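Remember, predicted model here, so these are calculated numbers, not experimental data.
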Amino acid sequence: MEQAVIAALLLVGLVIGAGVGASYARAKRGWKDYQTVRTSVPGARRNAWAAIRGVAVKLAVIALLLVGAAAYAASGTGQERAGPAPTGTPTPSHRPGR
């Protein structure tokens, strides 16, 4: 009977130990991942701001080009266009013989 109790306690101890060990390994891995991400955040933040700055500069250049094109189109060339040129042949107002 004593051996059965010892075997049962050993089995319960192994199950509990395996659970605690797995939890410890998971917590240790999580802490390591947290430390890795924490050290990489400043670089990622710099990269994100650089990308945002690049997009903002491109949008500003495009906006300036659009405003310039609209202003140029609105101002015209400064010369009045001539109407249709007159034709060289006169058009008779009435037909003779009728």
Could you tell me which residues satisfy ring-ring contact (aromatic ring centres under 6.0 Å, His included) with W31, sequence neighbours excluded, listed by chain and number? Y34
Take atom CD of Q3 as the centre, draw a 6.0 Å sphere, and report whether it contains more than 12 heavy atoms from other residues, nucleotides or ligands. no
Contacts of R29 meeting salt bridge (Lys or Arg N to Asp or Glu O under 4.0 Å) (sequence neighbours excluded), chain-then-number -> D33
Under 4.5 Å between side-chain heavy atoms, chaining through other members, with only Ile, Leu, Val, Met, Phe, Trp and Tyr counted: pull out the rest of the cluster around L64, sorted by chain and number. none
Any pair with a residue in residues 38-59 that passes salt bridge (Lys or Arg N to Asp or Glu O under 4.0 Å), sequence neighbours left out, goes on the list, sorted by first then second residue, please. none
With sequence neighbours excluded, what pairs up with I16 under the side-chain contact (heavy atoms from CB on, under 4.5 Å) test? V12, V20
Grouping ILVMFWY residues whenever side-chain heavy atoms fall under 4.5 Å, the cluster of V41 otherwise contains V37
Can you sort out the partners of Y24 under ring-ring contact (aromatic ring centres under 6.0 Å, His included), two or more places apart, ordered by chain and number? none
Excluding V15, membership of its hydrophobic cluster (Ile, Leu, Val, Met, Phe, Trp, Tyr; side-chain heavy atoms within less than 4.5 Å) reads none
In the hydrophobic clustering that connects Ile, Leu, Val, Met, Phe, Trp and Tyr at side-chain heavy-atom distances below 4.5 Å, which members other than I52 occupy its cluster, ordered by chain and number? W49
